[in-house]
Amino acid sequence: MGSHQVETSVTAGTGQVLVTGGLDLVGSDRFYPEERPVVEVAVGDVWWDPHPVTNAQFAAFVADTGHVTVAERDLDPADFPGADPALLVPGSQVFTQAPGPVPLHDWTRWWRWQPGAQWRHPDGPAADVGSRPGRQVADWTEIPDHPVVHVGWEDAVAYARWAGKELPTEAEWEHAARGGLVGADYAWGDELAPGGRLMANTWQGQWPWRSEDPRGHDRTSPVASYPPNGHGLYDMVGNVWEWTRTPWTPDHRDLIAPPHGRAGSGAPSRQAGVAAPSCCGGSQRPGTGAGTGEVKETDRMVTKGGSHLCSPQYCRRYRPAARQGHGVRDTTSHVGFRCVVREPTSRPLVR
């Protein structure tokens, strides 16, 4: 493991952090197949939001624009032939802490399709809150400084455009998450909990039925609750998975530089049709609807960083190199996003 010089700065009025570009290694050959091969890439200078978009920030966007998220939209039965009519209502996927040990090959033991779950009500309607183990809230106003969840890829893009920003590419995200460390397993080094110190919001206790986080973070935590990485960025590991603008591919071969050139930070060109194994289950939407706009229902984008549900007993994806392919409209209680600006001379709007 090595390091390169870390240069960061914050611009007054925007709160963004400049992560200087350069050459870096993305991927890992020590964990999951989709992280291979390790590839050298070149990324440019990027201004980063220091933490994921919060509930309060997303609420300001919705109040200004009237945006309706994927999880809030009515489902047209014509788009979901053969689906159970009871499921054809707005909703999202919510983590459900198991009552005791369960087989770890069946992700439906800890995920449920929850009608009424959305960013305003991350655990579902108020009537359901308190009926299951772990922390639950009736309304986002109880956790305004937590990352917004139950947002699809299109919701994240809409917010970014409103804010005068963009979503990062996978390569940009991994370069920033490493915090100046080259080849380290984690954003802070090669030890998960150096000196016993928790460095990120990941699952503590027996997965997925016993949560024993010493700080009471059974689910998401307030942003910036854990130490920043070497670039001054918070929650690049754990808390919530984060959307990128990069289409999913099953490995890093598309990033390998062609002869006489180097791999860039743009999105890979190949969209894979096969899902990699994921700790985060699959889609529980009633069926495959007709896609509209820039993406369709079956498209998948790379998400990065792992979440509060990652556990060494099941999913070691709390690392910069970790990645998963997530359906653009498969909203869940553990996926959020943050934004970037690529041109230092083009400053984002102050929100």
Side-chain angles (χ1 to χ4, degrees), residues 1 3-4 6-10 15-22 24-28 31 35 41 43 45-54 57 145-149 156 160 165-194 197-203 217 220-246 265 279-280 301-310 315-324 326 334-341:
M1 180 192 73
S3 64
H4 40 70
V6 177
E7 299 180 18
T8 61
S9 60
V10 178
Q16 286 199 307
V17 177
L18 175 63
V19 176
T20 56
D24 206 346
L25 298 178
V26 301
S28 173
F31 292 88
E35 301 169 16
V41 299
V43 298
D45 294 352
V46 177
W47 291 88
W48 283 81
D49 286 356
H51 55 71
V53 173
T54 65
Q57 290 173 316
D145 55 352
H146 286 227
V148 66
V149 293
K165 304 176 185 180
E166 299 177 89
L167 296 183
T169 66
E170 177 180 5
E172 289 168 344
W173 196 100
E174 188 164 334
H175 171 71
R178 291 187 177 278
L181 301 178
V182 178
D185 284 343
Y186 306 104
W188 49 84
D190 285 318
E191 188 178 352
L192 177 59
R197 185 185 187 192
L198 295 182
M199 302 295 289
N201 181 7
T202 60
W203 187 268
H217 295 157
T220 58
S221 54
V223 297
S225 293
Y226 296 85
N229 73 358
H231 290 315
L233 301 177
Y234 295 89
D235 296 331
M236 294 298 280
V237 170
N239 215 357
V240 291
W241 285 94
E242 298 183 13
W243 287 111
T244 73
R245 59 182 289 180
T246 299
S265 61
C279 62
C280 300
M301 295 290 176
V302 174
T303 53
K304 297 284 286 182
S307 79
H308 59 281
L309 302 181
C310 287
C315 167
R316 300 178 67 188
R317 288 183 170 88
Y318 34 61
R319 296 169 292 104
R323 58 198 296 267
Q324 70 167 358
H326 201 86
H334 74 331
V335 173
F337 69 101
R338 79 178 74 205
C339 301
V340 301
V341 172

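Heavy-atom basis, side chains included; hydrogens, waters and symmetry copies ignored.
Here the shortest heavy-atom pairing between G15 and P50 reads O-CD, 3.2 Å. Taking every heavy atom of both residues into account, L181 and G189 meet most closely at CD1-N, 3.5 Å. Taking each heavy atom of P222 and H217 in turn, the nearest pair found is CD-NE2, 4.0 Å. The minimum heavy-atom distance between L25 and R178, with the atom names listed, is O-NE, 3.2 Å. In terms of heavy-atom proximity, P52 sits nearest to E242 at CG-OE2, 3.5 Å. A pairwise comparison of heavy atoms in Y234 and P228 identifies CE2-CD, 3.5 Å as the closest pair.
Annotation: side chain of T54 is not in contact with side chain of P147 (no heavy-atom distance under 4.5 Å). Between C339 and E166 there is no side-chain heavy-atom pair separated by less than 4.5 Å. Contact annotation: the side chain of W188 approaches that of P194 to within less than 4.5 Å [non-hydrogen atoms, C-beta and beyond]. Residues V335 and S307 form no side-chain contact, since every pair of their non-hydrogen atoms from C-beta on lies 4.5 Å or further apart. Residues H231 and M236 are not in side-chain contact: their nearest non-hydrogen atoms beyond the backbone lie 4.5 Å or more apart. Looking at heavy atoms from C-beta onward, L233 lies in side-chain contact with V19 at the 4.5 angstrom threshold. Looking at heavy atoms from C-beta onward, P168 lies in side-chain contact with W48 at the 4.5 angstrom threshold. In this structure, V53 and V148 have side chains that are in contact, with non-hydrogen atoms separated by less than 4.5 Å.
Interatomic distance, T303 OG1 to W173 CH2, rounded to the nearest 0.5 Å: 9.5 Å. Summarising the geometry, atom CD belonging to E172 is positioned 10.5 Å from atom CG belonging to L167; distances are rounded to the nearest 0.5 Å. The distance from atom CG of N239 to atom SG of C310, rounded to the nearest 0.5 Å, is 11.0 Å. Here the CG atom belonging to L192 is positioned 13.0 Å from the CZ atom belonging to R197, to the nearest 0.5 angstrom. Here CG of N201 is found 7.5 Å from OG of S225. Values are rounded to the nearest 0.5 Å.
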Could you please spell out the steps behind the salt bridge (Lys or Arg N to Asp or Glu O under 4.0 Å) verdict for R245 and E170? CA-CA 7 Å; R245 59 182 289 180; E170 177 180 5; over 6 Å; no

Verify side-chain contact (heavy atoms from CB on, under 4.5 Å) between V341 and Q16, making sure each step is shown before the conclusion. CA-CA 9 Å; V341 172; Q16 286 199 307; 3.5 Å; yes

Mind running side-chain contact (heavy atoms from CB on, under 4.5 Å) on V182 and D24 for me, showing each step along the way? CA-CA 7 Å; V182 178; D24 206 346; 4.1 Å; yes

Which is it for W243 and K304 under the side-chain contact (heavy atoms from CB on, under 4.5 Å) test, yes or no, and what are the steps along the way? CA-CA 7 Å; W243 287 111; K304 297 284 286 182; over 6 Å; no

Pair K165, D49 - check side-chain contact (heavy atoms from CB on, under 4.5 Å), show working. CA-CA 10 Å; K165 304 176 185 180; D49 286 356; 2.8 Å; yes

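Salt bridge status for R323 with E174: absent, with no side-chain N to carboxylate O gap under 4.0 Å.
Looking at D190, its side chain does come within 3.5 Å of a backbone N or O of D185 through a donor-acceptor pair. Although no hydrogens or angles enter the test, the distance criterion places a donor-acceptor pair under 3.5 Å between the side chain of R338 and the main chain of D235. Put simply, the side chain of T202 never gets that close to the backbone of G238: no donor and acceptor are under 3.5 Å apart. Side-chain N or O atoms of R316 include none that pairs as donor or acceptor with a backbone N or O of F31 at under 3.5 Å.
With sequence neighbours excluded, the residues that form a ring-ring contact (aromatic ring centres under 6.0 Å, His included) with W203 are F95, W207. Partners of H146 according to the side chain to side chain donor-acceptor pair (under 3.5 Å) rule, which considers only residues two or more places apart in sequence or in another chain, are T220.
Between Y186 and Y318, the angle of the ring planes lies from 30° to 60°, which puts this pair in the tilted group.
Side-chain rings of Y226 and H51 stay apart, their centers remaining 6.0 Å or farther from each other.
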